[in-house]
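This report concerns only the one structure given below.
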Amino acid sequence: MSVFIGKDTRLVVQGITGRDGSFHAKQMMEYGTKVVAGVTPGKGGQRFEGTVPVFDTVAQSVAATGANTAVIYVPPVGAAGAIFEAVDAGIATVICITEGVPVIEMTRVMPFVRERGARLIGPNCPGAITPGQAKVGIIPGSICTPGRVGLVSRSGTLTYEVVNQLTRAKIGQSTCVGIGGDPIIGTNFIDCLRAFQDDPDTDAIVMMGEIGGTDEQKAAEFVRDHVTKPVVGFIAGQTAPPGRRMGHAGAIISGSSGTAAEKMAAFEAAGISVMKRPADVVPLLSARLK
Amino acid sequence: MSVFIGKDTRLVVQGITGRDGSFHAKQMMEYGTKVVAGVTPGKGGQRFEGTVPVFDTVAQSVAATGANTAVIYVPPVGAAGAIFEAVDAGIATVICITEGVPVIEMTRVMPFVRERGARLIGPNCPGAITPGQAKVGIIPGSICTPGRVGLVSRSGTLTYEVVNQLTRAKIGQSTCVGIGGDPIIGTNFIDCLRAFQDDPDTDAIVMMGEIGGTDEQKAAEFVRDHVTKPVVGFIAGQTAPPGRRMGHAGAIISGSSGTAAEKMAAFEAAGISVMKRPADVVPLLSARLK
Amino acid sequence: MNLHEYQARALLKAAGVPVPDGDVASTPGEAEALSRRIGGTVVVKAQVHAGGRGKAGGVKLAKTPAETADIASHILGMQIKGLTVHKVLVVPAADIATEAYVGLILDRDSQRPVFMVSPAGGIDIEEVAAKTPDKILRLPVDPRFGLLPHQAMALAFFLYTDIKQVRAAADIMQRLYKVFVENGASLAEINPLVTTPAGQVLALDAKISIDDNELDRRPDLAELRDETAEDPAEVAARRAGLTFIKLDGNVGCVVNGAGLAMATMDLVKYYGGEPANFLDIGGSSNPDKVVNALKIITADPSVRAILFNIFGGITRTDDVANGIKTALAQFPVKVPIVVRLTGTNEKEAVKILQGIGMTALSDMDEAVSKVVALVGEAA
Amino acid sequence: MNLHEYQARALLKAAGVPVPDGDVASTPGEAEALSRRIGGTVVVKAQVHAGGRGKAGGVKLAKTPAETADIASHILGMQIKGLTVHKVLVVPAADIATEAYVGLILDRDSQRPVFMVSPAGGIDIEEVAAKTPDKILRLPVDPRFGLLPHQAMALAFFLYTDIKQVRAAADIMQRLYKVFVENGASLAEINPLVTTPAGQVLALDAKISIDDNELDRRPDLAELRDETAEDPAEVAARRAGLTFIKLDGNVGCVVNGAGLAMATMDLVKYYGGEPANFLDIGGSSNPDKVVNALKIITADPSVRAILFNIFGGITRTDDVANGIKTALAQFPVKVPIVVRLTGTNEKEAVKILQGIGMTALSDMDEAVSKVVALVGEAA
C-alpha cells in the first residue's frame, strides 16, 4: 500500500519535452516510476529518450497507454489549462509542479477537479514519492528510503531536509507528499492526514507547515478528532514579519492571523509533538513510536 | 397526490407588483392557491392586496413564510436572475412564465438548477394547474376540473383548447403542465411522463407536442420503455414550412429534422394514440381508458 | 435573426478572428473603389440570407477595378431565392491550400453550445454529417467553464497537423466562442476556414444567427436587422408586435398563441383548405393588434376568407371583438370572416360581434370547416 | 503587488465604477492646476502603500488652488511609515451622507472570491469584524457562475434601503467583481463607499492588490509597480530573480526554497542570532543568482556574517559553490561566510569550495550555530 502514488502509478508527463519536464522525466524513469507517456502539443508521434511515446493531447495518451496519473511541468500561463486537460481526460491523480499559477485560475480549476472526482496535488509543489515504488515530481529519490512514516509538507527543500534526517536515522518513509505553498491548492493537510491514517503501511506522520492561512489549525483539529497514529509537526516562519509574502504565495501573516505561534499552539493542543527545529524530527518521532 | 404542485404548494410570486405579476397573483389567490409571499426589490414590507407580504428578496420570503414554490413574472432581462435567486434561496419548484429569456442565459441557469436539485418549469410557459388544489401560472382555472388525466404541453392556448375539450366531456385532470416552447427548458416531456407514470392519481396522459427539436421523439421512446398508462399525443405544426420559427423560439424545423410527420411516426411506433386534431382527444382517450 | 456575411465578418474581426481584407459596397462605384484599394483579383459576393449564392451567380471573381464595377452592377439588384441583393462584399481572392468547417450551435439536447468542426470544409455540413460522420468532431462546451484551452486544441488538431496552424485555429475557436456567447448567438459558422499556401489560417466566410430574445437587451445587434431582406408584411407584423409568417394558401388565420396558431393551420389543411399564413397575436389584449392583423392579412390578394381562432385566457375575447369592430369601421374587408372565440369575457365578445351583425362560433372544428367551405364556394 | 489608490481608482473607473473627479500630481504645480480645474475645496491625499495616512498628516483639505499647492508641497516628500510620498491624489471634497465598506478577497478556505460588506465603513474592517460581526455580510462567489444578480442585490440591501441606492450599489458590486477577476486581484476594497446628500453612490477610496503570479501574463499590470515605494534591495533582488525580504538582524541568509529559508531564519533565532533577511534563490541552478544574492546581502551594513543553506535537489550544489567562487573573485566580502550544502553534486561543490580555501558543512544545525557564534565573536 501507499498514498496517492505507488506501484500501480502509470504516469503521463505533461510538458515532457520542456527544460524542466525532460530533466525530471528522466529522473523519474531512473527512479523506476512507470512513465508511460509524455504530452507536448505538436510533438505527438515522437519518442522521449527513445522509449516513452509523446502525444499531442492527454486524452490520446490515456487512450493509448492507460495512464492514470499526470505530472505537470508546463509554464505558469498554461498550467491551469494542463490541469483541466488531465482531469478532463479522466486522469485520477494530477500533480502540478509549476510555480506561479495565477490564483484566480485555481478558483476555476478546483470546482472542475471536484466535480470529476479527481485528486490534484499542488500547484507549486515538489510532488510525491513512495520510496521504492514511484516518484512523481522533483523530490530527490536518493534521500528517501522505504519505511513506515508518512510525511506531508507545504514546502520543497525543507521537506528534503527532514526526509534526509529521517533516512540518516534509518527511519524509512511510506509516502512523502509536498502539497505546495500556494493559497489555493488541490490537496491539503487534512486530505493527506486522512490518507495516512487509513494506510495500513503508515505508522506515524510528520507534518511540515508554515505561516499563513488556517490549514494547519484545521489539520490539528482533524488530528485531535480522527487520527490515532502519532503525529509530529513543524511550522516554518516563526521569525517572519507580518504582511510580507515569504516566497511562497501562501506564506503570509495577515494581520495577526496565520502566525507560527498560533499554529504551534494548535498543534500542541491537538496532541501533535511540535518540533522546534527540523533536527527534532528524529527524537520526537522515536519517542512517539516507542 | 398530484404532480409538481398541489395542496402543499406554498407560493412566492416574483414580480408580484408588476403588471402581469399582480394580475395573475390575484387570479391564483382566487383559485385557492396558497400565495404566501411576493417579491419586488424595494417594495419589501408592503402587502399585496392587503394580505400577502412583499419582500425585497426571495431568501427573505422563504425565511419568513416557508415558501417552497416560486412563479416568475419578471421581464425577460431579469428572468434568468430571478430563477438563480429562487433556486439559491432553496425553492424546490420554480415556474418561469416570462417569454423572451435569452437562450444563452438558460445555458447558465440549467447547470445551477441541476446542481441544487431544484425543478424548473419553463421559461416561456403557461405554468401548471392541479385542479381543485393549486394553480401556478396563467392557465385559466375555469376550464379545468379535477380528475385523473395528466396533461403535458409545449403550448399555452392549445393546452387550454384540449383541456376545455376534456372538461366539456367530463374528463377531469390530475395536473396540467405547460413546459414551454423555448429551445432550452427546465422540465421536458420525459420528466412529466415519469411523474405522471408514478402518480397514483393519474390514469392516462395527454401529450401536446409541436415541431422542432427531438424532445417528442425521445419522449416516445420513454413511453415505449417506461410508461404503462395510456398516452394520447398531438403534434402542432403539420403544415409549418421548414426553417421558419413558428412563434415559439423552439418551434422550428431545421433542415428535415423536427417535422410533425417524424414526431407523429415516433408516437405511433411507441404505442401513443395520435390525435389528428385537438377534437380527437376525447374519443382517443375514451377508447384507451376502456 | 440572421446576420449578413459582412455583419458576421465584422463581429469576428472585432473579436480578433483573422478575416481577409475587404468591405461591403452598395453601388458598383463603391465596389470599384474597394477593388482598387485591395488590389489584384477580388471576389464580389452577394449579401443575401440564402445558401447556394455561388450556384445562383452571386459570387464572382473580378480581375480589375473596372471588372469589379461591372460584376457588382450585375449582382446588385439580382434576385437570389426570391431575395433582392442590395449589397456586395468585396474581398481579395485568397489562394487556398485547405478548407475546413467550424460551426458552433446552441444545442437543445445538451443545453449547451456545441462545436462541430470538420476538415471537409466549404461544403454542406449536413451532407458531411450524413455521409462521413467520422469527418466531424462534435464538442459540447460547459458554459460554467467556457471553452477550455485543451478543448480548443483538440478541435484544432482535428483540422490541422502543423502546430502553428493548430495554435492559430485554437485561438480562432476561443474567439468564435466569445463572439457566440457575448452576442447571444444560436449559430456561428466559419465555412470555410481556410489555410493559405503561406500557412495562414483565415475565416473566409461566416454566418451568424442571433437569438431573437437577445435583441431586446442589445439594441446594437437589433440594428443589424436588414428589413429589406424580409417580407414587408412580416416586418410590419413584427413592428405591430405580431408574429406573422406568409404561407401559400388562401385562408387567412388570426390566432392567439403559437401552438394554437399552428394547430389552426393544421386543421384548415385537415378540412381540405390551405392556410395563407401563421399569425399569432400573442397573449396581451390590445384591440390595436387585431386591427393591424386584419390590415396585414387583407393586404394579401390570395386571401379568400379570414378565420379568427381565439381561446381567451390572458387574452380577453371582448378585446378581440372590439378590434374586429374597429377594423371593419376603418377599412373594408372584402372577404368573409369566420370568428371562433371562447374563454375570458366570451359573453361580452359575442354581444359586440352581434352588434355589428356577426356571429361567433365557440367550436374550433366548426369554425375551421366553415371557413374552408366558404373558400370553396368562392372558388 | 499593492496598487496605489490612484491606480486602483483608475481600474475601477475604467470598469464603470463611479469615482469622484480628480487626478494624481507629482508636483505642487500639478496639484494646483488640478485644484483649479476641479474647483472648490479639494482633498490632497498622499499616495503611499501604508494605512493610517490621515493620522500621519498625509490627507488634507485645501480650499483654494494656492492652498492646494502649499499642502501638496508639504505632503510630497513626506515620510509615512518609512515610505516617501512621491505622488498626491487631488479630488473634490465630497459631501458625505453615509460611509460603507465593500471588500472582495480571494479566500483560501472556500477557494473562492468572497465579498465582505458593512454599513460601518470608513474604518478598520478587522475591528468591525472583531467587535460587531453582525455588521458584516460575507458572501462567497462561485466562480463558475460569477456574482449572480440577486447576490449583488443582497450585498447592496445590506448597505442601503433606498432602492435607487441599492441598485447603484449592486451595479458597483458587479463591476468590482469584474475588476477583481479580470485583473487577478487578491484583494479589492472600496472603503469608504459613500452616499452623497443628493443620493449618489461613490467609491471614495480604493485599494487593490494584484496576485504576483498574474504579472507575468499581464505586462500592463506589472507596469503599475511603483519601485520607489519599495526597499531598493528588494527591487534589485526581484530583478535578479530572487525573493528577498529585509529584516532587522545581522546574519545574512542565502537559502534555496522558501520553506527552508524560513526554517533557516528560525534556526538562527533558535541559536540566539538574528536573521538579517529572508532570501530564496529559488529552484534553478544559476551561479549568477548566487553572485547577485551576495551583492545584495553584503550591501547591508548591519550584516556581520553570511550563512548559505543549500539542500540540492533541482538546485545543483556545485552551481552554488561556483557562484560563491565567482562572487568572491569579483568583489571583496568582508564578513565571514559559513556554507552548508548537501544533495545534488555535493562532492563537486565541496571540492570547488576547498579550492578557494573554504570548508562546507553538511549539517544545518552545525552551520547555523557556527554562524551565530561568529557574529557573537565579531560583536
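Residue contact with chain C, scored on non-hydrogen atoms closer than 4.5 Å, involves the side chain of B/Pro278 exclusively. In this structure, chain C has no heavy atom under 4.5 Å from any part of B/Ile139. Proximity to chain C involves both the backbone and the side chain of B/Val103, based on heavy atoms less than 4.5 angstrom apart.
Smallest separation of non-hydrogen atoms from B/Ala251 and C/Met262: CB-CE, 3.8 Å. Closest heavy-atom contact between C/Gly312 and B/Pro140: O-CG, 4.3 Å.
Judged as a ring-ring contact (aromatic ring centres under 6.0 Å, His included), and not counting sequence neighbours, the contacts of B/Phe84 are B/Phe112.
By number of non-hydrogen pairs under 4.5 angstrom with chain C, the leading residue of B/Gly247, B/Gly250, B/Gly237 is B/Gly237. Counting heavy-atom pairs closer than 4.5 Å to chain C, the top residue among B/Gly213, B/Pro102, B/Pro76 is B/Pro102. Put simply, of C/Leu106, C/Leu215, C/Leu279, the one with the most heavy-atom pairs under 4.5 Å next to chain B is C/Leu106. Ranking B/Gly100, B/Ala236, B/Gly156 against chain C, the residue ahead of the rest is B/Gly100, based on heavy-atom pairs under 4.5 Å.
The closest side-chain heavy-atom distance from C/Phe311 to B/Leu158 is not below 4.5 Å.
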Give each N or O donor-acceptor pair spanning chain C and chain B at a distance under 3.5 Å, with atom names and distance to 0.1 Å, or state none.
| unit_1 | atom_1 | unit_2 | atom_2 | d |
| --- | --- | --- | --- | --- |
| C/Arg108 | NH1 | B/Gly250 | O | 2.7 |
| C/Arg108 | NH2 | B/Gly250 | O | 3.1 |
| C/Asp109 | OD1 | B/Thr214 | OG1 | 3.2 |
| C/Asp109 | OD1 | B/Lys218 | NZ | 2.7 |
| C/Asp109 | OD2 | B/Thr214 | OG1 | 3.3 |
| C/Asp109 | OD2 | B/Lys218 | NZ | 3.1 |
| C/Gln111 | OE1 | B/Arg114 | NH2 | 2.5 |
| C/Gln111 | NE2 | B/Ile185 | O | 2.9 |
| C/Arg144 | NH1 | B/Glu115 | OE2 | 2.4 |
| C/Asp211 | OD2 | B/Val103 | N | 2.8 |
| C/Asn213 | ND2 | B/Val101 | O | 2.9 |
| C/Arg217 | NH1 | B/Glu105 | OE2 | 3.4 |
| C/Glu234 | OE1 | B/Arg244 | NH2 | 2.5 |
| C/Glu234 | OE2 | B/Arg244 | NH1 | 3.4 |
| C/Glu234 | OE2 | B/Arg244 | NH2 | 3.4 |
| C/Asn256 | O | B/Thr157 | OG1 | 2.7 |
| C/Asp266 | OD1 | B/Gln238 | N | 2.9 |
| C/Asp266 | OD1 | B/Thr239 | N | 2.9 |
| C/Asp266 | OD1 | B/Thr239 | OG1 | 2.7 |
| C/Asp266 | OD2 | B/Gly237 | N | 2.7 |
| C/Asp266 | OD2 | B/Gln238 | N | 2.9 |
| C/Tyr270 | OH | B/Arg277 | NE | 3.3 |
| C/Tyr271 | OH | B/Arg277 | NH1 | 2.9 |
| C/Arg340 | NH1 | B/Glu161 | OE1 | 2.5 |
| C/Arg340 | NH2 | B/Glu161 | OE1 | 3.0 |
| C/Arg340 | NH2 | B/Glu161 | OE2 | 3.2 |
| C/Asp365 | OD2 | B/Arg277 | NH1 | 2.3 |

